[in-house]
Amino acid sequence: MPCRQLIHHMEAAFPPRPSQRAIHAEYSMNETIRLSKSSSPGVAASPSFSQEVASTSKQPIHTCYQCGNCSAGCPAAFAYDLQVNQIMRAVQLNQKDLVYRAKSLWLCLGCATCSLRCPNNIDVACVMETLRHMARAEKKATVPVVEKFWLSFLNMIRTFGRSYEIGTMVLFMLRSLRLTTDVDLAPQALVKRKLGLLPHTHQGREAVGRIFTRFHELQCKAREGR
Amino acid sequence: MHLAYFPGCSAKGSSLDYELSTQAVLNALGITVWEIDDWNCCGSTPAHAVSTELSSALCARNLDLAAKAGADQLLTPCPSCLSNFRATAKRLEDPDFREKVNALLDTPCAETLPPTSSVLQAIGELVDCETLAKKATISLKGLKLVAYYGCLMSRPPELMHFEDPENPMLIERMLEALGAEMLDFPLKTACCGAAFGIPKRPLTAQNSGRILELAANLGADAIVTCCPLCQMNLDLRQAQAEKAMGRHFGLPVPYFTQILGLALGIAPQDLGLAKLVVPMDALLPKLAPKTSAPNA
Amino acid sequence: MRIGVFICHCGSNIAGTVDCARVASLAAGYPDVVYATYPMYTCAEPGQAAIEQAIHEHRLDGVVVASCSPRMHEPTFRKTVERAGLNPYMFEMANIREHVSWIGRDIEANTHKAAELVLLAVEKLRRNRPLYSREFPVTRRVLIIGGGVAGIQAALDCAEGGIPVVLVEREATIGGKMAKLDKTFPTVDCSACILGPKMVDVAQHPLITLYAHAEVEEISGYVGNFSVKIRKRATYVDWSKCTGCGTCMEKCPSKKATDRFNEGIATTTAITIAFPQAIPKKAVIAKDFCRQLSGKKCGVCAKVCPTGAIDYDMQDTFVTENVGSIVAATGYDLMDWTVYGQYGHGRYPDVISSLAYERLMNASGPTEGHILRPSDGREPKSIVFVQCVGSRDPSLNRPYCSGFCCMYTAKQAILTKDHIPDSQSYVFYMDIRAPGKMYDEFTRRAQEEYGTQYIRGRVSQIFPNGKGQLTVMGMDTLLGKPVEITADLVVLAVGIEASRGARELAEKLRISYDAYGFFMESHVKLKPVETNTAGVFLAGVCQGAKDIPASVAQGSAAAAKVLTLFARDCLASNPQIAHVDNKRCVGCGKCVRCCPFGAISTCTVRGEEKAEVIETMCQGCGLCTATCPQGAIQLAHATDDQILAEVDALCQI
């Protein structure tokens with residue numbers, strides 16, 4: 001499968017985003033948050049954000065009392081710029097920009113330890129996933145490399161119906177320009193035949209391709225509607 | 001019982017040894033399964049990270065295939081696939097959501113879908129530990145092991161219904177019955193770093209490192225897993241974890257089916273043992289044919 | 001009949017959304033109403049005086065006040081009309097505040113509804129009959145259930161006030177949880193030193209009868225005349241002979257009994273005296289652990305006892321005590337923290353409860369006051385305290401704050417540093433709740449003088465690190481960073497729950513309890529000691545989380561209530577009770593079975609079985625009136641006739 005064709009597929013399904021750098025540069029993490037209406041410089045609140053997150057995720061955001069248990073058990077906490085509990089707090093305070101700016105959203109491993117141990121029965125992992133969906137809908141994915149990996153993976157599925165590990169890797173390396181990703185593993189993986197050199201083919205690949213095509217069409221329609 | 005089987009993509013690639021050993025063990029235990037024709041990838045994490053509907057459509061196609069082939073139950077060795085299937089089945093109970101998913105599919109998804117289960121849970125339910133012990137020909141005595149389940153086998157508990165979500169014990173019960181010494185492993189449901197090994201290596205290296213380090217501190221001979229991704233992070237990426245932790249582990253990370261297979265007397269080559277990046281060759285001499293107990 | 005109607009403004013509380021003048025003018029047209037007005041504050045002195053004046057001026061023989069809930073002011077106005085010469089039951093109240101003005105904003109609709117409620121009251125009042133209380137004598141003795149510090153205080157105060165006390169304690173010794181503590185906050189004085197004298201006073205007071213190792217089995221009767229059946233659980237030791245010498249404990253070969261007094265951090269002998277200052281200082285055999293009692297050959301204690309007090313054949317016995325009042329002081333238990341899988345389900349020996357830690361610090365505890373790790377007996381140098389374990393945790397249906405954990409955690413951190421000067425303590429907290437006198441200063445001292453590190457956040461997981469220590473994974477929410485501590489010992493500030501069996505006891509006492517089993521006071525602010533059952537009072541944590549000073553204060557308050565009740569020789573009965581119409585009663589017995597108070601018996605009238613209401617026991621709940629298929633039982637002041645008149649009036653509007 002020629003790479004150009006793959007990239008073409010992917011760009012058709014997920015058009016490239018505008019530069020995220022502009023969004024980052026505009027704010028600093030410690031700007032005053034203006035909770036009331038104010039013309040002074042600072043970060044303004046987005047009035048219905050908290051409600052929107054609560055209703056989309058179906059989670060009782062308002063019950064979070066900031067015990068920090070979610071962050072305490074979070075395996076990605078060390079890599080977060082905004083801890084999970086801080087994201088919950090920012091949502092409570094309608095701080096959409098602050099949330100969307102957080103790299104943490106994209107570093108969440110989805111392990112749901114936070115949800116399991118939340119004393120207020122909030123499915124925190126579900127809130128994080130909802131925020132990812134909402135941020136992507138507004139084209140605000142702040143860790144492009146993670147998104148690129150997902151898209152590379154999905155592109156393989158779209159093309160082959162099943163995941164194709166080497167294909168995902170190649171595509172990801174091209175998209176992210178990280179051409180040395182995991183080369184240290186290559187010898188072992190090849191010797192142990194950990195990776196299938198060719199994609200496994202099956203009849204369902206066309207059906208899966210059609211799922212993606214319809215998904216893409218619906219997304220385009222939704223975007224136009226907005 | 002008509003048991004459909006969904007191997008998952010990794011079974012045909014990075015976790016071929018899991019697939020081999022699963023088939024061998026199911027065969028030895030007399031559990032017959034049939035692989036559903038024409039299955040597709042469940043979408044894994046990337047699909048649901050991008051869209052719930054897309055993820056569920058990919059899963060629904062598989063569930064639909066199983067349903068239309070008359071499966072009583074759909075088994076998969078991979079906890080991540082299982083988690084996606086269960087989440088999908090749950091979401092499809094909502095008619096509005098079902099409509100959105102059907103709009104993505106060629107034909108609407110069957111109304112009634114077969115229940116889904118992991119191979120681990122199915123073995124636990126179909127074969128009790130006593131029977132397992134009776135069928136075993138090799139004793140695991142002398143092996144000091146920890147069981148590592150990962151995140152998705154037990155989380156979220158209201159979906160996975162797998163043991164105590166903080167302390168599952170199924171692998172321990174099985175392997176203890178076969179003679180192994182199972183150490184209490186408090187990080188048995190901690191996250192290994194998932195699929196972030198590729199885009200954000202430190203996330204995986206540090207989390208897998210923590211798990212490997214505790215197992216090493218406890219004096220385990222090996223970490224027994226049940227998830228292809230966990231196994232890959234702990235085994236293939238062990239060197240990366242060692243670098244992150246500044247320490248050598250050299251811990252073999254076999255699948256529970258490989259250990260089970262050894263006890264059932266299946267030859268190592270039929271269990272894909274050679275595919276383990278950190279070999280467990282040093283442990284094999286500890287295994288000896290079972291000497292029947294004097295009162296048995 | 002000549003009825004006067006008073007529509008109260010209650011300031012703007014009612015007048016804000018109800019046109020009171022219009023209600024009064026409508027009421028003036030209701031049957032038998034000869035006078036209607038709308039005062040500003042009817043319950044105030046001028047308001048009451050106006051009612052009295054109107055009764056005289058307009059020769060009223062019945063009064064309706066439309067104002068607040070009868071729970072607030074019905075007694076007030078009954079006294080008002082009584083002062084003016086009317087029978088207090090020739091009075092009716094319409095609640096147009098809680099039922100009208102506070103719940104709706106539409107003035108038009110509210111005014112109509114208020115007028116309707118007044119009409120109902122008038123229609124009922126037209127059928128009211130004067131009722132008269134009877135006087136009955138009081139048994140001037142009190143039962144106190146629970147011998148913790150609250151119960152002890154109540155017992156001593158009652159006894160000092162001249163009231164004989166029956167004190168029932170479930171455990172073998174009184175002293176409750178306080179007896180297990182090492183020191184107490186905020187003064188860090190020795191718990192046993194301050195509680196001990198009070199326990200001794202209980203033992204020695206001539207007016208106090210103590211039943212330890214006993215439980216309340218049954219309660220019947222009513223305020224002034226309760227009859228209480230007490231089960232004295234078998235101790236297998238004749239306490240009249242036991243001198244508490246302890247020889248049996250030394251020789252008992254069964255040494256693996258669970259040591260409940262030491263919170264399970266040690267084992268004890270099957271025959272034990274809980275602790276050196278126990279009151280009564282008598283031995284008890286734990287049946288499950290006794291070799292002799294589990295059918296094996298032993299009998300060592302019987303052989304060594306110098307007074308021959310051991311009695312392996314002892315059975316539970318019962319005594320019945322008559323009392324006029326009851327104080328419930330049943331305290332609390334710690335919740336079962338082993339439900340927390342992330343803290344190890346109780347399988348890590350060096351993760352212990354705060355109460356177990358008290359026993360580790362206590363000189364009379366198993367380590368003689370040396371803080372040593374349960375796992376290996378080593379002195380811990382790094383100690384982590386985790387607050388709110390089982391408190392403020394809605395996921396476990398425990399949303400409430402246990403109240404005193406913040407304070408004892410600070411105390412334990414301070415004492416730890418005193419015991420082990422080169423130790424470092426860490427406290428994980430969500431909020432520091434220290435509102436008492438000298439309390440906040442105390443928690444500051446723990447941090448400033450004793451160097452305790454306070455970290456704001458919950459702990460996600462605790463687990464052994466494979467090198468003999470524990471890893472504590474927490475969060476510092478103030479810094480926004482995860483923190484990890486390698487600890488030698490972890491102490492969980494375990495939340496409280498209602499004492500085991502509290503719900504069952506509440507049923508016996510006929511008092512209410514909340515969703516968590518804590519007993520309900522009659523009014524959260526104004527009747528914190530009373531219950532809704534006359535003559536039953538509350539003291540201590542059984543009503544809700546309290547520290548020692550508050551428990552002692554409530555113990556004294558309950559005693560004051562008892563002394564007030566007993567200040568009179570006789571009590572007046574409530575005349576709003578059920579009456580049987582013998583002509584209609586067919587003796588089916590349904591009322592006997594449905595009465596929750598056992599207030600209906602049967603008697604034979606001219607050879608026929610009839611129901612009979614025991615006047616002093618009937619609480620006027622009305623269950624029997626609703627149950628009686630013949631309509632033969634009528635509740636005075638709420639007869640079928642009166643209720644139907646109200647319904648009728650409502651239907652005709």
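Every chain is numbered from 1 and lettered A, B, ... according to where its sequence line falls, protein lines coming before strand lines.
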From [X] atom [atom1] to [Y] atom [atom2], the distance as rounded to the nearest 0.5 Å:
| X | Y | atom1 | atom2 | answer |
| --- | --- | --- | --- | --- |
| A:Glu129 | B:Ser51 | CD | OG | 9.5 Å |
| B:Ser55 | A:Phe215 | OG | CZ | 10.5 Å |
| B:Arg201 | A:Thr181 | CZ | OG1 | 8.0 Å |
| B:Cys9 | A:Phe160 | SG | CZ | 12.0 Å |
| A:Asp182 | B:Leu236 | CG | CG | 7.5 Å |
| B:Lys200 | A:Lys103 | NZ | NZ | 8.0 Å |

Report which part of [X] has an atom under 4.5 Å of a heavy atom belonging to chain A: side chain, backbone, both, or neither.
| X | answer |
| --- | --- |
| B:Ala274 | backbone |
| B:Glu53 | neither |
| B:Thr204 | neither |
| B:Leu65 | neither |
| B:Pro157 | side chain |
| B:Asp37 | neither |
| B:Thr52 | both |
| B:Leu16 | neither |
| B:Ala195 | both |

Main chain of [Y], side chain of [X]: is a donor-acceptor contact present, judged purely on distance under 3.5 Å?
| X | Y | value |
| --- | --- | --- |
| A:Arg178 | B:Pro199 | yes |
| A:Arg162 | B:Trp39 | yes |
| B:Asn40 | A:Gly161 | no |

For the residue pair [X] and [Y], establish whether any side-chain heavy-atom pair is separated by less than 4.5 Å.
| X | Y | answer |
| --- | --- | --- |
| A:Leu151 | B:Val50 | yes |
| A:Arg214 | B:Asp106 | yes |
| A:Leu218 | B:Leu104 | yes |

For a salt bridge (Lys or Arg N to Asp or Glu O under 4.0 Å) check, start with the C-alpha distance between B:Lys243 and A:Asp184, then their side-chain angles and the critical distance, and finish with the verdict. CA-CA 12 Å; B:Lys243 216 183 215 173; A:Asp184 52 331; 5.6 Å; no
Grab the two heavy atoms, one from [X] and one from [Y], that are nearest each other, plus how far apart they are.
| X | Y | result |
| --- | --- | --- |
| B:Gly193 | A:Leu109 | O-CD2, 3.3 Å |
| A:Ala207 | B:Arg61 | CB-NE, 3.5 Å |
| A:Cys111 | B:Cys151 | CB-SG, 3.2 Å |
| A:Ile157 | B:Gly43 | CD1-CA, 4.1 Å |
| A:Leu107 | B:Phe196 | CA-CE2, 3.8 Å |
| A:Pro75 | B:Asn207 | O-ND2, 2.9 Å |

Is it the side chain or the backbone of [X] that comes within 4.5 Å of chain B heavy atoms, both, or neither?
| X | result |
| --- | --- |
| A:Thr113 | both |
| A:Cys108 | backbone |
| A:Met128 | neither |

Determine, step by step, whether A:Asp123 and B:Arg155 satisfy the salt bridge (Lys or Arg N to Asp or Glu O under 4.0 Å) criterion, reporting the C-alpha distance in whole Å, the side-chain angles of both residues, the deciding distance to 0.1 Å, and the verdict. CA-CA 11 Å; A:Asp123 187 344; B:Arg155 283 197 295 271; over 6 Å; no
Heavy-atom pairs under 4.5 Å with chain B - which of A:Ser163, A:Ala79, A:Ser176 has more of them than the others?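 Heavy-atom pair counts peak at A:Ser163.
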Do you know which of B:Gly272, B:Ser15, B:Ala47, B:Ala190 has the most heavy-atom pairs with chain A at a distance under 4.5 angstrom?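 Of B:Gly272, B:Ser15, B:Ala47, B:Ala190, B:Ala47 has the most heavy-atom pairs under 4.5 Å with chain A.
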Is it the case that more than 12 heavy atoms not belonging to B:Lys68 sit under 6.0 Å from its NZ atom? yes
Does atom CD (A:Gln51) have a neighbourhood of more than 12 heavy atoms from anything else shown, all under 6.0 Å? no
